[in-house]
Number of protein chains: 2
Amino acid sequence: MKMSGGVEWALHCCVVLSRAGAPVPAAKLAELHDVSQSYLAKQLQLLSRAGLVRSTLGQSGGYVLTRATSEITVLDVVEAIDGAQPAFRCTEVRQRGPLAVPAERCDTPCPIARVMDSADRAWRESLRAITVADLVADVGRTTPAETLEAARQWLRA
Amino acid sequence: MKMSGGVEWALHCCVVLSRAGAPVPAAKLAELHDVSQSYLAKQLQLLSRAGLVRSTLGQSGGYVLTRATSEITVLDVVEAIDGAQPAFRCTEVRQRGPLAVPAERCDTPCPIARVMDSADRAWRESLRAITVADLVADVGRTTPAETLEAARQWLRA
DNA sequence: TCTATTCGGACAAGAGTTATCCGAGTCAAG
DNA sequence: CTTGACTCGGATAACTCTTGTCCGAATAGA
Ligand code: SF4
Ligand code: SF4
C-alpha cells in the first residue's frame with residue numbers, strides 16, 4: 001500500500017507553476033526541489049499525457065498549466081501520476097479450488113470487493129474535494145510575502 | 001497505489017475460519033482457495049503476529065480466530081497484511097533546494113500532507129466500519145445453504 | 001540558416017513483492 | 001513412555017514493479 005513518490009513532486013510543481021506566469025523548464029523545477037532532473041521529467045510527462053499541463057518546446061519553453069488552479073483537483077494529479085486503477089484488485093478466488101462457485105453465481109460482487117470499492121471511493125472523494133487553488137491559498141496564508149517574492153525572483157532568473 | 005494481493009486471501013481465510021469450529025491447517029486453506037500453499041502460510045504468519053489468529057501446533061492443529069468475528073474489522077486484517085503505514089509519505093521537499101524553508105518554519109504540516117492524511121483517514125474509517133461478522137452475514141445471505149454445508153463437510157475431511 | 005534549448009520516449013538499476021524451502025516444536029496415538 | 005507424523009515459523013531465492021538515467025527528435029529564437 002504505497003503510492004508513487006512522484007506524486008509529492010508533481011503537486012509541488014503544480015503549485016509552483018500556478019505562481020509563475022511564464023513557462024518553466026523541467027530543469028528549473030528539479031533544481032528548485034533538489035530532485036533528480038531526469039526523473040522529474042518523467043513525472044511531468046505523465047502530467048502532460050493527462051492533459052493537466054502543456055509543454056512548450058525550444059528556447060524559453062517549459063510547462064504551463066492548462067486550466068485554472070480551481071479546476072484541478074488533487075485527485076487529478078494523483079491519478080495522472082499513480083494511475084486510476086483501484087488499490088484492491090479481486091482475483092476471483094471463489095471461482096477456483098474444489099469448492100469453486102460456478103460463474104453464473106458470481107454475477108453480484110461479493111461483500112469483500114464491495115467494502116474495498118466503497119473505501120476506495122471514499123478516499124478518492126476526499127481527494128477530489130480539494131483543488132490546487134486551495135493548496136495555493138493555504139501556502140500563501142502560512143508563508144511570509146517576502147519568501148513568495150524571493151521564489152518568484154528565483155524562477156525568473 | 002496497489003495493496004498486497006494477500007489481503008484478499010487473508011479475508012477469505014478469516015471468513016472460512018469463522019465457520020469452522022476446529023483448527024484448520026494452512027495447507028487446507030491453501031487447497032481450498034487453490035493458491036500457493038507456502039505463500040499463504042506467510043500471510044497467516046502475519047495474521048498471527050498481529051494477534052488476529054492463534055496457531056496450534058502438532059497433529060490436528062491449525063489456525064483459530066482469537067476473537068469474535070464482530071470484533072475483527074476489515075481494517076485490522078488489511079493493516080496486518082499490508083502494514084499500517086499511510087500510503088503517502090512526505091519527503092520534506094520544502095527543506096531542500098535553493099529555496100529551502102528553514103526547519104523552524106516546518107513545525108506545521110503543509111497543506112499537501114494534510115490532504116493526504118485526511119484521505120487516508122477516510123479510507124481507514126471506511127474499512128473500520130465493516131467487521132468480518134458483516135462479511136459472514138452477507139455471504140450467508142447470498143449463498144444457498146447446501147453450498148455452505150458442503151464447505152463445512154469438506155473442511156472436516 | 002544555424003544554434004542552443006526543450007521535451008519525449010527508450011534504456012538500465014534497485015527495491016519491494018511474490019513464491020518457496022527446510023528445520024524446530026508439538027500434539028496425538030500406540 | 002515411545003514413537004511418529006504433523007504443524008507452524010522464520011530464513012532463503014525468483015520475480016515484478018518502481019525508481020532513476022540516458023540520448024535523440026523537435027522547436028523557438030537569434
Ligand atoms: S469473494 Fe470477493 S474478493 Fe473473494 S474472489 Fe470473490 S469477488 Fe474476489
Ligand atoms: S510541502 Fe508538504 S508534501 Fe511538500 S515537502 Fe513539505 S510537508 Fe512534504
Side-chain angles (χ1 to χ4, degrees), chain A residues 1-10 13 17 20 22-31 33-66 78 80-83 85 87-89 91 93 155 157, chain B residues 1-10 13 17 20 22-31 33-66 78 80-83 85 87-89 91 93 155 157:
Chain A
M1 195 58 190
K2 173 168 156 287
M3 101 165 58
S4 172
V7 171
E8 185 182 359
W9 304 354
C13 286
L17 285 179
V24 181
K28 253 202 181 358
L29 288 171
E31 189 186 356
H33 299 76
D34 188 25
V35 296
S36 162
Q37 172 172 332
S38 314
Y39 190 32
L40 183 65
K42 196 179 186 58
Q43 317 296 345
L44 290 171
Q45 280 170 40
L46 289 173
L47 288 181
S48 181
R49 279 189 207 169
L52 293 178
V53 301
R54 183 62 61 182
S55 65
T56 312
L57 247 55
Q59 209 159 15
S60 78
Y63 289 95
V64 193
L65 294 177
T66 55
V78 170
I81 303 294
D82 205 56
Q85 54 192 284
F88 179 81
R89 185 178 19 180
T91 328
V93 170
L155 273 180
Chain B
M1 194 59 189
K2 173 167 157 286
M3 100 166 57
S4 171
V7 172
E8 185 184 359
W9 305 355
C13 286
L17 285 179
V24 181
K28 255 204 179 359
L29 288 170
E31 190 186 354
H33 298 76
D34 188 25
V35 297
S36 162
Q37 172 172 331
S38 313
Y39 190 33
L40 182 64
K42 194 177 187 59
Q43 316 296 343
L44 290 171
Q45 280 171 39
L46 290 174
L47 288 182
S48 182
R49 279 190 208 169
L52 294 178
V53 301
R54 182 63 59 181
S55 66
T56 313
L57 248 55
Q59 210 160 15
S60 78
Y63 288 97
V64 193
L65 295 177
T66 55
V78 170
I81 303 295
D82 206 55
Q85 52 190 285
F88 178 81
R89 187 178 19 178
T91 327
V93 171
L155 273 181

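Within every chain, numbering begins at 1; the chains are lettered A, B, ... in the order of the sequence lines, protein sequences first and strands thereafter. Bear in mind that the values here come from a model prediction, so they are computed numbers and not experimental data. Both backbone and side-chain heavy atoms feed into the values below; hydrogens, waters and symmetry mates do not.
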Using the test side chain to side chain donor-acceptor pair (under 3.5 Å), find all partners of A:Thr66 that sit at least two apart in sequence or belong to another chain.
none
Among all residues two or more places apart in sequence or in another chain, which pass the side chain to side chain donor-acceptor pair (under 3.5 Å) test with A:Thr91?
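B:Glu8.
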To the nearest 10°, give me the bend of the helix from C:dT1-D:dA30 to C:dG30-D:dC1, comparing the axes of its five terminal pairs at either end.
20°
Taking side chain to side chain contact (heavy atoms under 4.5 Å, CB included) as the definition, give me every residue that meets it alongside B:Ala22, ordered by chain and number, with sequence neighbours left out.
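Not a single residue meets the side chain to side chain contact (heavy atoms under 4.5 Å, CB included) criterion with B:Ala22.
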For a quick test of your reading: what N or O donor-acceptor pairs under 3.5 Å do the side chains of residues 35-43 of chain A make, sequence neighbours left out?
| residue | atom | partner | partner atom | Å |
| --- | --- | --- | --- | --- |
| A:Ser36 | OG | A:Tyr39 | N | 3.1 |
| A:Tyr39 | OH | A:Gln43 | NE2 | 3.2 |

If you look only at distance, which donor and acceptor atoms sit under 3.5 Å apart when one is on a side chain in residues 45-56 of chain A and the other is two or more places apart or in another chain?
none

Tell me what B:Gly5 touches on the nucleic acid: a base, only sugar-phosphate, or nothing, going by heavy atoms under 4.0 Å.
sugar-phosphate
Under the criterion side-chain contact (heavy atoms from CB on, under 4.5 Å), I'd like the reasoning laid out for A:Met1 against B:Lys2: C-alpha separation, chi angles, the key distance, then a yes or no.
CA-CA 5 Å; A:Met1 195 58 190; B:Lys2 173 167 157 286; over 6 Å; no
Reported CH2-to-CG distance for the pair A:Trp9 and A:Leu29, which is rounded to 0.5 angstrom
12.0 Å
Is the phosphate of D:dT21 approached by A:Tyr39 (side-chain N or O, under 4.0 Å from OP1 or OP2)?
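Answer no for this pair, as no side-chain N or O of A:Tyr39 is under 4.0 Å from OP1 or OP2.
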Given protein heavy atoms under 4.0 Å, the one-letter contact record of nucleotides 3-14 of chain D, with B base, S sugar-phosphate only and - none, is simply ---BBSBB----
Start and end of chain B contact along DNA chain C [non-hydrogen atoms, under 4.0 Å]
C:dT18 to C:dA28
Once ring pair (Phe, Tyr, Trp, His ring centres under 6.0 Å) is applied, what residue pairs with a partner in residues 43-65 of chain A remain, sequence neighbours excluded?
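Applying ring pair (Phe, Tyr, Trp, His ring centres under 6.0 Å) to every pair that reaches into residues 43-65 of chain A, excluding sequence neighbours, yields nothing.
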